[in-house]
Protein chains: 2
Amino acid sequence: MVSNTMRLADQISEAILEGDFPPGTRLDESGLAARFGLSRTPIREALAEVCARGLAERRPYRGVEVVSPDPDVLLDRFEALAEIEALCASLAAGRAQMADLLALEDLVHRMEDAGPDEYRQMNFDLHDRICRMARNAELARVADDLRLRLAAVRRAQLGHADRRQRSMREHRALVAAICDRDAVRAASLMRAHLRAGAQEVLSMARETAQPASSATS
Amino acid sequence: MVSNTMRLADQISEAILEGDFPPGTRLDESGLAARFGLSRTPIREALAEVCARGLAERRPYRGVEVVSPDPDVLLDRFEALAEIEALCASLAAGRAQMADLLALEDLVHRMEDAGPDEYRQMNFDLHDRICRMARNAELARVADDLRLRLAAVRRAQLGHADRRQRSMREHRALVAAICDRDAVRAASLMRAHLRAGAQEVLSMARETAQPASSATS
DNA sequence: TTTCCTTGGATTGCATACAGCCACATTATA
DNA sequence: TATAATGTGGCTGTATGCAATCCAAGGAAA
């Protein structure tokens, strides 16, 4: 049911997100073909999919290049995700079924004592679950798309115990608002939660980037 | 700057939207290759792009098929677009610059006496402009993506003088709200405007589809 | 008559070969 | 020495051939 091209695209995407191909890297077809033991043709198709996902860009006759995160684009992307997830939270508060709410509360509870990797997965699951509770497959898809496009910079965020403490408080408040069917509070909390996370990521990215730049562009 | 594959994908996409390839049509590579005077390879890449745009789907070893509009998916899609454009309108009310507002008012004014084709283009331009006035490239991109995915069913909507009258009233009120910097009113009006349009499209689609269906699924 | 298997045709998926374009290096000139 | 012209290597874009897979038609068995 899932094509070979998609599997290949997943592997290449994962390699990009894992930092195996840093931003700006040229993904030459021959090299990847050798690496995967295939010919250029399936690699080419997988690269097209990777480009469609926004993780790389193809310049005609110049190959595909892993995208460099432009701060302006990242800012817009974080804001867009925050607003859309806030919208989903708002809708979820009105539409979620009882079983969903119980599962959500259970998940937040289990997140308390989870290892870093587990926590990361559970955090993703929490947000995805809320988006799906809005009962709108398109909004969930859009949110998922934005999350993928932000995944590369978000990977650097992990760890940070104090951030996690704060994040958990926000999660609890957010889930409580949804369970109370309070749409506007849920939206507001979700927006604030994601804005805080974005702030964190961007400030980290800023200090790990060039410390002193006087670029004119 | 724009690749050959993209141009091909545009042509095929346009053919789909124009009704040249009705939903369910199998787009076989050899046929299209002959039609465009090319080999299968570039056609294949263009079809991958068309699939990425959501206009068709590829089933492994079974070719690509023009997607049939599932009513549930369409409903979600219209709602998602309405909510996201409402969000854009809300942001636009707060962020638009003076020149934007003047251009918007001018556009609405010029729409009064425009031919059907012009009106269609101007309507698209109006919504796109408002989304870009939100000063968030990602939200504009997402809205544009949803509009493309809805384009096929929306094409059938054109004409309908009464709908246009009503639509114009809504446009004027919406633009006025944005110019007044009234974010909540702008969002509310945009949401209502798109919901009305969606209602129109879906009811039309429903009556042109099978009139009496007793499908169990 | 119905069901299952087989088999043929057609189409997709992949490999390989060739053509076109770009980037870098070398060389010639001011 | 700096700059412009040019040639070369390597990569991408396209064409074509072959293998793998699916679908439908036809025949055999119950």
Side-chain angles (χ1 to χ4, degrees), chain A residues 1-16 19-68 70 152 215-217, chain B residues 1-16 19-68 70 215 217:
Chain A
M1 180 174 167
V2 55
S3 70
N4 207 338
T5 299
M6 287 301 172
R7 267 194 299 274
L8 253 181
D10 287 343
Q11 292 186 54
I12 297 173
S13 301
E14 188 57 28
I16 292 174
D20 204 344
F21 300 121
T25 306
R26 269 176 81 115
L27 301 172
D28 72 305
E29 301 169 357
S30 305
L32 289 172
R35 174 170 168 155
F36 286 99
L38 291 169
S39 91
R40 277 178 51 213
T41 310
I43 298 292
R44 223 178 131 72
E45 300 198 358
L47 284 179
E49 171 65 22
V50 171
C51 289
R53 293 179 187 177
L55 290 157
E57 277 179 0
R58 154 163 273 145
R59 255 85 66 85
Y61 291 101
R62 265 184 257 180
V64 333
E65 213 171 77
V66 178
V67 292
S68 309
D70 174 12
T216 52
S217 61
Chain B
M1 182 175 167
V2 54
S3 70
N4 206 340
T5 300
M6 287 300 171
R7 268 193 300 274
L8 255 181
D10 287 343
Q11 291 187 54
I12 297 174
S13 301
E14 189 57 28
I16 293 174
D20 204 343
F21 300 120
T25 307
R26 289 169 82 90
L27 300 172
D28 72 305
E29 302 169 358
S30 305
L32 289 172
R35 173 171 169 157
F36 285 100
L38 289 169
S39 93
R40 279 177 50 217
T41 310
I43 298 292
R44 218 178 137 71
E45 300 200 357
L47 284 179
E49 171 65 21
V50 171
C51 289
R53 293 180 187 176
L55 289 155
E57 277 178 0
R58 154 163 274 144
R59 255 84 66 87
Y61 291 99
R62 264 185 261 179
V64 333
E65 212 172 76
V66 179
V67 292
S68 309
D70 174 12
S217 61

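We name chains A, B, ... by the order of the sequence lines, and we start the count at 1 in each one.
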- [ ] For the residue pair B/S13 and B/R53, establish whether any side-chain heavy-atom pair is separated by less than 4.5 Å.
- [x] yes
Open item on the list: If I take atom CG in residue A/L47 and atom P in nucleotide D/dG13, what distance separates them, rounded to the nearest angstrom?
Closed with: 10 Å
Task: Value in whole Å for how far the P atom of C/dC24 lies from CZ of A/R26 - done: 9 Å
TODO: Identify the heavy atoms of A/P23 and A/V67 that sit nearest to each other, and give their distance.
DONE: CB-O, 3.4 Å
- [ ] Nearest whole angstrom, please: distance from the P of D/dC11 to the CD1 of A/I43.
- [x] 15 Å
TODO: Grab the CD-C1' distance between A/E57 and D/dT12 for me, whole Å please.
DONE: 17 Å
- [ ] Figure out the CZ/P separation between B/R40 and C/dT11, and round it to whole Å.
- [x] 10 Å
- [ ] Determine the contact category for A/E45: base if any of its heavy atoms lies under 4.0 Å from a base atom, sugar-phosphate if only primed atoms, P, OP1 or OP2 are that close, otherwise nothing.
- [x] nothing
Open item on the list: Expressed as a whole number of angstroms, how long is the span from B/R59:CZ to C/dA10:P?
Closed with: 22 Å
Open item on the list: What I want to check is whether an N or O donor and acceptor connect the side chain of A/R58 with the base of D/dG13 at under 3.5 Å.
Closed with: no
Task: Residue closer to the 5' end of DNA chain C, B/R44 versus A/R62 (nearest nucleotide) - done: B/R44
Open item on the list: Do B/L47 and B/L27 have side chains that approach each other closer than 4.5 Å (heavy atoms only, starting at C-beta)?
Closed with: yes
Task: Listed nucleotide nearest any side-chain atom of B/T5, set D/dT12, D/dT14, C/dA15 - done: D/dT14
- [ ] Return the value, rounded to whole Å, for the distance between atom CG of A/N4 and atom C1' of C/dA15.
- [x] 14 Å
TODO: Report the distance from atom CG of A/L32 to atom C1' of C/dC14, rounded to the nearest whole Å.
DONE: 16 Å
Open item on the list: Give me the atom names and distance for the closest heavy-atom approach of B/V64 to B/A56.
Closed with: CG2-CB, 4.4 Å
Open item on the list: Working to the nearest 0.5 angstrom, can you tell me the gap between B/R40 CZ and B/D28 CG?
Closed with: 10.0 Å
Task: Nucleotide of C/dT12, D/dG13, C/dA15 approaching A/L38 most closely (side-chain heavy atoms) - done: C/dA15
Open item on the list: Can you see if the side chain of B/S39 gets near the phosphate of D/dA15 - specifically, an N or O under 4.0 Å from OP1 or OP2?
Closed with: yes
